[in-house]
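Reading through the structure tokens given below for one structure.
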Amino acid sequence: MHRAKGFGVRVTAADHWIKPAENWARLQAASLADAVMPMHAEAHALPFADGCFDAIVSVDAYHYFGTDDLYLAYVTRLLRPGGRLGIVVPDLEAELEGSAPPEHLRAHWDRDFNTFHSPAWRRRPWERGGGVEVEAADAVPDGWEDSLRWIEACVADGVVRARGDLDLLKADRGRTLCVARAVARAK
Ligand SMILES: C[S@@+](CC[C@H](N)C(=O)[O-])C[C@H]1O[C@@H](n2cnc3c(N)ncnc32)[C@H](O)[C@@H]1O
């Protein structure tokens, strides 16, 4: 939404969990109905033509489907040459040792967190695979604090399911978790 407003672009907002009608009401309230088209889509079955996007942006979602090594090639075929894929995800500062969650996070661990990796882990297959030039793959400086502020705002707004994430981030305070960003340019 903010991207459409700030950059004057047309956005196709594909989401799997949130119904388009729900997002449509939000877009109308934000006077963005002309700029953003909400639609339902599953990340492995995107109904778009190859090369039809200038940019693909994924915020707090790519870890749910993008850990598959084949996914980068699948999604970047939708970009025109020179188009960019940008992701921001909750992540780990470094890959975990062993098979158990870190001691201080054990009480809060959820199996979804097994999708967290490190920026270095994400960079390697992107570089190795070719087809894209990796422009960034690192941790956002103090990103966990930004996350904490966002989750606190969600909880204050009555989003009950955000409470687990709040406990997790407070228990960690940036020791293990980070927010990763990665940008790849299609060749
Ligand atoms: C934590 S929410 C983030 C939502 C939003 N991008 C934000 O930052 O507030 C995770 C999002 O991942 C999306 N997601 C998870 N699995 C998906 C899949 N298989 N295909 C498409 N989207 C998926 C869900 O639709 C959901 O909106």
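When reading the values below, keep in mind they use all heavy atoms of this one structure, side chains included, and skip hydrogens, waters and symmetry mates. Note that ligands are numbered from 1 as they come in the structure, with each ligand's atoms numbered from 1 the same way.
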H104: what forms a ring pair (Phe, Tyr, Trp, His ring centres under 6.0 Å) with it, not counting sequence neighbours?
-> none
Report the nearest protein non-hydrogen atom to atom 20 (N) of ligand 1: residue, atom name, distance rounded to 0.1 Å.
-> A43 N, 2.8 Å
Could you tell me whether some N/O pair between E42 and ligand 1 is separated by less than 3.5 angstrom?
-> yes
Examine the proximity of ligand 1 to A14 and report which part, side chain or backbone, both or neither, has a heavy atom under 4.0 Å away.
-> neither
Flag yes if W150 and V155 sit in one hydrophobic cluster, no otherwise; membership is Ile, Leu, Val, Met, Phe, Trp, Tyr, and two members link when side-chain heavy atoms are under 4.5 Å apart.
-> yes
Could K170 and D167 be called an ion pair, given the rule that one side-chain N must be under 4.0 Å from one carboxylate O?
-> no
Provide, to 0.1 Å, the distance between atom 23 (C) of ligand 1 and the closest protein heavy atom, together with that atom's residue and name.
-> H16 CB, 3.6 Å
Kindly confirm or rule out an N or O of D15 lying under 3.5 angstrom from an N or O of ligand 1.
-> yes
Find the distance between OH (Y71) and CG (L85) and round it off to the nearest 0.5 Å.
-> 9.0 Å
Treat each ILVMFWY residue as a node, draw an edge where side-chain heavy atoms are under 4.5 Å apart, and state whether L177 and I151 are in one component.
-> yes
Look at atom 6 (N) of ligand 1 and say which protein heavy atom is nearest, naming residue and atom and giving the distance to 0.1 Å.
-> V59 O, 2.8 Å
Is a salt bridge present between R149 and E145, judged by a nitrogen-to-oxygen distance below 4.0 Å?
-> no
In ligand 1, the atoms that come under 4.0 Å of a heavy atom of A41 are 21 (C)
Which atoms of ligand 1 are found less than 4.0 Å from any heavy atom of Y64?
-> 10 (C), 12 (O), 15 (C), 16 (N)
Using a distance threshold of 4.0 Å (strictly less than), state whether atom 9 (O) of ligand 1 has a protein heavy-atom neighbour.
-> no
Closest heavy-atom pair, I18 versus E22, reported as atoms and distance to 0.1 Å, is CG2-OE2, 3.7 Å
Please report the C-alpha distance between D60 and V88 in whole Å, then the side-chain angles of each, then the deciding distance to 0.1 Å, and finally whether the side-chain contact (heavy atoms from CB on, under 4.5 Å) criterion is met.
-> CA-CA 6 Å; D60 196 5; V88 176; over 6 Å; no
Shortest protein heavy-atom distance from atom 17 (C) of ligand 1, along with the residue and atom involved | F65 CD2, 3.6 Å
Please work out which of the three classes, parallel, tilted or perpendicular, describes the rings of F113 and F116, given edges at 30° and 60°.
-> parallel
Ranked by distance from atom 11 (C) of ligand 1, the top protein heavy atom is A61 CB, 3.7 Å
With heavy atoms under 4.0 Å as the rule, classify the contact between W17 and ligand 1 as side chain, backbone, both or neither.
-> both
Please write down residue, atom name and distance for the protein heavy atom closest to atom 2 (S) of ligand 1.
-> D60 O, 3.8 Å
